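The next block holds one structure in the form of structure tokens; read it before the comments.
Because the structure is a prediction, the values reported are computed rather than measured. Counting starts at 1 for both ligands and their atoms, in listed order.
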Amino acid sequence: MELWHAWTCPYSQRVRIALAEKGLSVDEHVVDLANKPAALLALNPAGGVPVLVVDGLAIPDSSLILQFLEDRAPEPALLPADPLGRARTRLLYERITSGLGPHLPKLLRGSDDEKERAGQAVVAALTALERDAPEEGFLAGPFSIADIALAPFVARLPRPLRPASLGLPRLARWEARALARPSVAAVVGLGPRLT
Ligand SMILES: N[C@@H](CCC(=O)N[C@@H](CS)C(=O)NCC(=O)O)C(=O)O
């Protein structure tokens, strides 16, 4: 398998965390998004990362890649075994992705006005997540794709928008547990900054 990714792209980081959890190795192609190689555009004309290439099939989206990895290597599982638990976990994953994902680029690179509005949206999304966050363990019980979705986003937030600064105690404790997990620490804590 080949993975095209950018070090600081949270969606690429999701895939790298899942690969580490499952003990799978890939040939890595690190992309500078400001200077996309033609080979990436051939695989994904939209030019985005991550892209996982398996036996000639290019899978150009982190959610689809995580689903493929779960099918290819079901153990250790990143989804609960029961259908309802799987549905709950996937709903949480989608809520995290749609609640935070669109705001991060604006928070990091937007105008002052965009930053302000993105910050408010992030506070609203994290405050809503706090209501459902567990006292212990991970977001859906055992470590899962929901934690993999949220950890790279939270790790990129400026300190005033991190759960502890916002007075969200359950999410703050979750953050400490999630970022200390070896697969997460290795991916969100290290690496040259390209984007
Ligand atoms: N829905 C995609 C989103 C991926 C995404 O937004 N990737 C960004 C980098 S973090 C990207 O490649 N943007 C295109 C660009 O910068 O041209 C996924 O989940 O994989």
Side-chain angles (χ1 to χ4, degrees), residues 1-22 24 26-54 56-73 78-79 86 89-111 114-115 117-119 121-122 125-126 129 139-140 143-158 161-162 178-179 183-184 186-195:
M1 296 194 286
E2 278 176 33
L3 178 67
W4 296 72
H5 71 92
W7 290 115
T8 59
C9 165
Y11 303 96
S12 298
Q13 291 177 337
R14 289 177 175 184
V15 174
R16 292 172 53 229
I17 293 168
L19 287 167
E21 287 287 331
K22 289 182 179 293
L24 296 171
V26 290
D27 293 329
E28 292 187 48
H29 300 272
V30 178
V31 173
D32 175 358
L33 287 172
N35 189 13
K36 295 175 187 167
L40 172 68
L41 294 169
L43 291 167
N44 179 15
V49 289
V51 180
L52 185 74
V53 185
V54 190
L57 177 69
I59 310 175
D61 177 85
S62 62
S63 303
L64 296 177
I65 295 170
L66 294 192
Q67 285 178 35
F68 168 79
L69 294 177
E70 201 63 17
D71 291 342
R72 161 69 68 99
L78 294 172
L79 278 170
R86 291 169 92 84
T89 308
R90 287 180 173 132
L91 278 169
L92 196 47
Y93 179 100
E94 292 301 328
R95 195 172 139 202
I96 290 163
T97 303
S98 60
L100 291 167
H103 307 297
L104 252 79
K106 295 198 176 96
L107 202 59
L108 299 169
R109 292 184 287 274
S111 63
E114 286 172 329
K115 279 188 179 142
R117 271 183 277 128
V122 166
L126 291 178
L129 282 172
L139 295 176
F143 188 78
S144 75
I145 60 166
D147 306 291
I148 291 178
L150 186 56
F153 282 166
V154 166
R156 291 218 82 188
L157 291 174
L161 289 177
R162 302 283 274 261
L179 299 194
S183 62
V184 179
V187 167
V188 304
L190 302 170
R193 307 278 148 180
L194 287 181
T195 57

Worksheet item: For the residue pair T89 and S144, what are the closest heavy atoms and their distance?
Response: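 Heavy atoms only, the tightest pair is CG2-OG, 3.5 Å.
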Worksheet entry | Closest to atom 17 (O) of ligand 1 (judged by heavy-atom distance), picking from R156, R14, Q13, K36 |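 It is K36 that holds the nearest heavy atom.
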Fill in: Pick from V49, L40, T97, V15: the one approaching atom 8 (C) of ligand 1 most closely through a non-hydrogen atom
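Shortest heavy-atom distance from atom 8 (C) of ligand 1: V49.
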Discussion item. Go through it in stages, so that I can follow the logic: the residues are D147 and E21, the test is side chain to side chain contact (heavy atoms under 4.5 Å, CB included), and I'd like the CA-CA distance, side-chain angles, deciding distance and then a yes or no.
Written reply: CA-CA 12 Å; D147 306 291; E21 287 287 331; over 6 Å; no
Give the residue and atom name of whichever protein heavy atom lies nearest to [atom], and the separation in Å to one decimal.
| atom | value |
| --- | --- |
| atom 16 (O) of ligand 1 | L33 CD1, 3.9 Å |
| atom 10 (S) of ligand 1 | C9 SG, 2.5 Å |
| atom 13 (N) of ligand 1 | G48 CA, 4.5 Å |

Discussion item. Under 4.0 Å between a side-chain nitrogen and a carboxylate oxygen: does that hold for K22 and E70?
Written reply: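 Looking at K22 and E70, the cut-off is met.
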Item to complete: Indicate the ring-plane relationship of H29 and W4, choosing parallel, tilted or perpendicular according to the 30° and 60° boundaries.
Response: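 H29 and W4: parallel rings.
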Discussion item. Could you work out, with side chain to side chain donor-acceptor pair (under 3.5 Å) as the rule, every residue matching R95, not counting sequence neighbours?
Written reply: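 Partners of R95 by the side chain to side chain donor-acceptor pair (under 3.5 Å) criterion, ordered by chain and then number, come out as D132.
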Discussion item. With a 4.0 Å cut-off on heavy atoms, is A6 in contact with ligand 1?
Written reply: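 Flag not set, A6 not near ligand 1.
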Worksheet item: Are there more than 12 heavy atoms of other residues, nucleotides or ligands under 6.0 Å from atom NZ of K115?
Response: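 Result for NZ/K115: enclosed.
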Worksheet item: Mind checking whether S62 has an N or O less than 3.5 Å away from an N or O of ligand 1?
Response: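 Yes; the residue has a nitrogen or oxygen that sits under 3.5 Å from a nitrogen or oxygen of the ligand.
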Worksheet item: For ligand 1, does D61 get within less than 4.0 Å through its side chain, its backbone, both, or neither, judged by non-hydrogen atoms?
Response: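 Contact part for D61 vs ligand 1: both backbone and side chain.
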